> 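Here's a structure for you.
Below, each value reflects all heavy atoms present in this structure, side chains not excepted, and no hydrogens, waters or symmetry copies. On a predicted model such as this, the values are computed, not experimentally measured, just so you know.
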Amino acid sequence: MADKVIILRTGNSSASAGTGIDYAALLNPAQLEAVMHDEGPALVIAGAGSGKTRIIVYRVARLIEKGVPPQAILMLTFTRRAAQEMLGRVEQLVGERCRQVAGGTFHSFANVMLRRYGQAIGLSPNFTILDRGDMEDLINLLRAQMGLASSEHRFPKKSTLAEMISIARNKARTLEEEIALEYPHFIDQTEKIVRLASAYADYKRSRGLLDYDDLLYTLAELLHNNAEIRRRISALHRYIMVDEYQDTNPIQAELISLLADYHQNVMAVGDDGQSIYSFRGADFRNILEFPKRFPNARIIKVEENYRSLQGILDLANEILAGASRKYTKTLFAHRVGQFTPILVRAQDEPMQSRFVAQRILELREEGVELGEIAVLFRSSFHSFDLELELQRRNIPFVKRGGFKFIETAHIKDALAHLRVVANPADMVSWMRVLKLIPGIGDRKAHAIVETLSKANDAPQELKALAELMRSKSHKAADGLARLAALLSEIRSDRARPADQLAVVLQYYVPLMRDEYPDDYPKRERDLEHFHEIAQRYRSLEALLTDVALEPPSDSVGDVLATDSDDELLTLSTIHSAKGLEWKVVFIIWAAEGRFPPLQSIDPEQLEEERRLMYVAVTRARDELYIVYPIRMFDRVLGYTLGQASRFLEGISPQTLMTASLEEEST
DNA sequence: CTTGGATTCATTTTT
DNA sequence: TGAATCCAAG
C-alpha cells in the first residue's frame, strides 16, 4: 500500500438503498461469510453446484446496496454469457442499477482498456484483433516470405507453429523451452521457428495488430510500466471478482495483481477439482498461489451442493476419488430426492443417437422443457450423428463450442472485404480478397499487396492496376476492376456495417457459387445469418472486434425457426458447458478412446480428463444418462469393440446403474 | 503463373 | 473425412 488513493464515494454508504435482502436467511453460513466479505483479498473455494454464482450475485447486490457504484465493480468471467447471466440475476435483486457493472472475459476487458489507454505505450486505438485463423495465415505468409518454404523437411505446419507460440506465452515459457519440452521432434528447427516467431511479433507491432495473447500481455505491460494509468484503472474498479479462478493462467494472475495493486480488493472464486483448461496454460496450482500473491487473503470453503440430487453427487465423488491427487472436498446434497445415474450401453453410434432423441421426446411428454435438457460430449464432432437424428425428428437445438460458423471459409471471405476497409494495412485479408479473383494466384496477389502497401488510396490504386492489366489483356483485369469499384463504394459509405456487408455480398456471392458449386446454398444461408448478426452493430470496428472476441457460436445445423433460447435443446462440449446446469443431462461417447481421447496419454492429461468427467456429471440437477456405443469406427482399425470410459470403471452398481439397449423392431 | 487433380496426413478442448 | 500440400498441365 504505497500510495493512498482518494476515492469519491457516491451514494450513501450507511443506508441500504435496496429492498433490504435478508442475506442470512437466504444463504448458508459459508456462503454468507463470502457474501459479507468487504475489503481485502479473499479466495472462495467452492465445489461444483455449491452456489458459486449465487455468491457472486449476492455479493454484487450487497455491494451495490451498500452504496458502491456499480461501475466500481469488475466481474471477470470465462465467457460473456456467464457475465450476462449473473448480471441478470443481480438485476432481479437490486434492479437496473447493476447494468453498469463492468465485466466480461479477460480478453474483452483488455480490449476495452487498451483502446482507452493504449496510446500511452504507442498503441493506436484502432488496432485490429487477430483470431487464431488470422494468426495462422500471417505466420504462413511470413514463412513463405522468409524462404522457410514448405520444401523444408519436417518444418511444422502453420497450426502447429501458432500453437507453439501461443502456448509458450500462455505458460510464461520461452519458445525454446516449449519446443524442447513439448515438440522435441522439431528441436533441430528451433532456430528457424524462433526467427519466424520474432518476425511475426515485429510484423504485428508495426501494423497495429494484436492476437489473443497480445491483448493480455500488452495490458500487463501497460499496467506495469505506467503507474498513473494503473492507478486510474485500479481506482475505477475498486472491487474485482474473478470467476473460475482455477482456469486462469500465469499472465492472467499477473493481471489481477496489477489491477488490484492499489486496493487489494480481489475475490477469486474457483474449484481446483474443475480445472480443465491446462491446454491453454491454466494451472490449478494457481489457486494455491493465491494466498502467496495476496498474503492476507481470507479463505472460505463452500461444500454444500444446491444443484444436484445425492445420487448424482455420489457418482461425482466416486469419479474424483479415483484421482491420483486427492481432493479434500466431498459434495453433499441439500436437496432431497433420489435418482441413480444410468450408464447405457448402445450397440453402435446410430443407436446411441436414437436412444438420446427418443428419451428427449419422452421427457418432453413428461413435461420437461427442451431448454432444461443438455447433451454433453468431449469433442465437438462427437455430436455429428446425433445432430442428424435430431433434425430428422424435428427437435430444435443449439450447439455450443466447437467449430464456429464464423470460421468457415465463406464467412471469412466476406469478412476479409470489410477488414481491408477498416484496416488497409491488413495484408492477410488483402491476400484473401485478391485470391478470390479468377486469374489471380499467390504470386500476383503478393505483387499487388506490395504495391498497395505503398499507396495511400487502395481502391484508386487497384483501378489503375486493373487498367494496366486490361491493356495487357490479362484475364484478371475485369475482376480487379470490380473489386476496386466495390471497395470505393463501401469505403465512402458511412452507412452501418450491415449495409456495407450487403454490398460485399452482392459482389461475393457469385464468386462463391463458382467456387463451391456443390454446397453453395448452405453457405448462402450462413451469409444471410451473418448479415442478420451484423444488423446489431453500428460501427464496423465493433463488429470486427466481436467477431474475434465473442464469435457467435450458432452452428450451421441449427433448426432456427424462433430465436427464443428457452425452447431449444442444448448440445455442448463439456468445456463450453462450464458453469451451467440443466435438469436432465446426457453424456454421449463416454468410451475409451473418445473420452478420454486416444491422444491423452500422460498422467497429467488423464487427470484433467477425469476432472472433465467430473464437470460433466455435476452439470445435472435431476437426471443423468451416460451413453456409449460398443461398436466404434476407427479409420485405421475399422470397427472395434468399445469400452466404457475408464473413469466409470469400478463404480459401484448402487451409484451407477448399467443398462443396455435392445434393438427395437418397428 | 494459375489451377485443378492427386496424394498424403493427422484427427481435443477456447479466448 | 477433410484439409493441406505437391505436381503437372494449360
> Can you tell me how far P of B:dT11 sits from CZ of A:R594, to the nearest Å?
15 Å
> Nearest to the side chain of A:K157, heavy atoms from C-beta on, is which of B:dA10, B:dT14, B:dT12?
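Closest nucleotide to the A:K157 side chain: B:dA10.
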> Is there a stack between A:F279 and B:dT12, judged by ring centres under 5.5 Å and planes under 30°?
no
> Can you tell me the distance, in whole Å, between the CZ atom of A:F384 and the C1' atom of C:dG2?
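It works out to 11 Å between those atoms.
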> Please confirm whether A:F377 and A:H575 have ring centers closer than 6.0 angstrom.
no
> Taking CZ from A:F381 and P from C:dG2, how many angstroms apart are they, rounded to a whole number?
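Atom CZ in A:F381 sits about 13 Å away from atom P in C:dG2.
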> How long is the line joining NZ of A:K578 and C1' of B:dT15, in whole Å?
14 Å
> Does A:T573 have a side-chain nitrogen or oxygen under 4.0 Å from the phosphate oxygens OP1 or OP2 of B:dT14?
yes
> Do A:N249 and A:Y277 have side-chain N/O donor and acceptor atoms under 3.5 Å apart?
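Their side chains do not contain a donor-acceptor pair, so the 3.5 Å distance test is not met.
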> If you assign each of A:R378 and A:S108 to its closest nucleotide in DNA chain B, which residue comes earlier from the 5' end?
A:R378
> How close or far is atom C1' of B:dT12 from atom CD of A:E608, stated in whole angstroms?
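So the two atoms are 11 Å apart, to the nearest Å.
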> Atom CZ of A:R132 to atom P of B:dT13: distance rounded to whole Å?
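Answer to the nearest Å: 12 Å.
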> Could you state the atom-to-atom distance from CG of A:L598 to C1' of B:dA10 in whole Å?
12 Å
> How about A:S159 and A:E136: does a side-chain donor come under 3.5 Å of a side-chain acceptor?
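Not at all, the side chains of A:S159 and A:E136 share no donor-acceptor pair under 3.5 Å.
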> For A:D413, is there an ion pair with A:R432 - N to carboxylate O distance below 4.0 angstrom?
yes
> Can the ring centroids of A:Y508 and A:H410 be said to lie less than 6.0 angstrom from one another?
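No, they do not, as the ring centres are separated by 6.0 Å or more.
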> How many angstroms lie between atom NE2 of A:H224 and atom OG1 of A:T218, to the nearest 0.5 angstrom?
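Those atoms lie 14.0 Å apart.
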> What pairs of nitrogen or oxygen atoms, one from the protein and one from nucleotides 7-10 of chain C, lie under 3.5 Å apart?
none

> Hey, does the side chain of A:E389 reach the backbone of A:P350 with a donor-acceptor pair shorter than 3.5 angstrom?
no
> Please measure how far the P atom in C:dA4 lies from the corresponding atom in B:dT13, and state the result in whole Å.
15 Å
> B:dT13 C1' sits how many Å from A:N249 CG, rounded?
15 Å
> When you get a sec, tell me which of B:dT15, B:dT12, C:dT5 is the closest nucleotide to the side chain of A:R280?
B:dT15
> To the nearest 0.5 Å, tell me how far A:I139 CD1 sits from A:K158 NZ.
10.0 Å
> Restricting to nitrogen or oxygen on both sides, can you table the protein-nucleotides 2-7 of chain B pairs closer than 3.5 Å?
from, atom 1, to, atom 2, distance (Å)
B:dT2, OP1, A:G441, N, 3.0
B:dT2, OP1, A:K444, N, 3.0
B:dT2, OP2, A:R443, N, 3.1
B:dT2, O5', A:G441, N, 3.4
B:dT3, OP1, A:G439, N, 2.5
B:dT3, OP2, A:I440, O, 3.4

> Would you call the rings of A:H382 and A:W589 parallel, tilted or perpendicular, where under 30° means parallel and over 60° means perpendicular?
tilted
> Looking for any heavy atom pair under 4.0 Å, which part of the strands does A:Y277 touch: base, sugar-phosphate only, or nothing?
sugar-phosphate
> Are A:R132 and A:Y212 in a cation-pi contact, defined as NZ or CZ under 6.0 Å from the six-membered ring centre and within 45° of the axis?
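A:R132 over A:Y212 ring: no.
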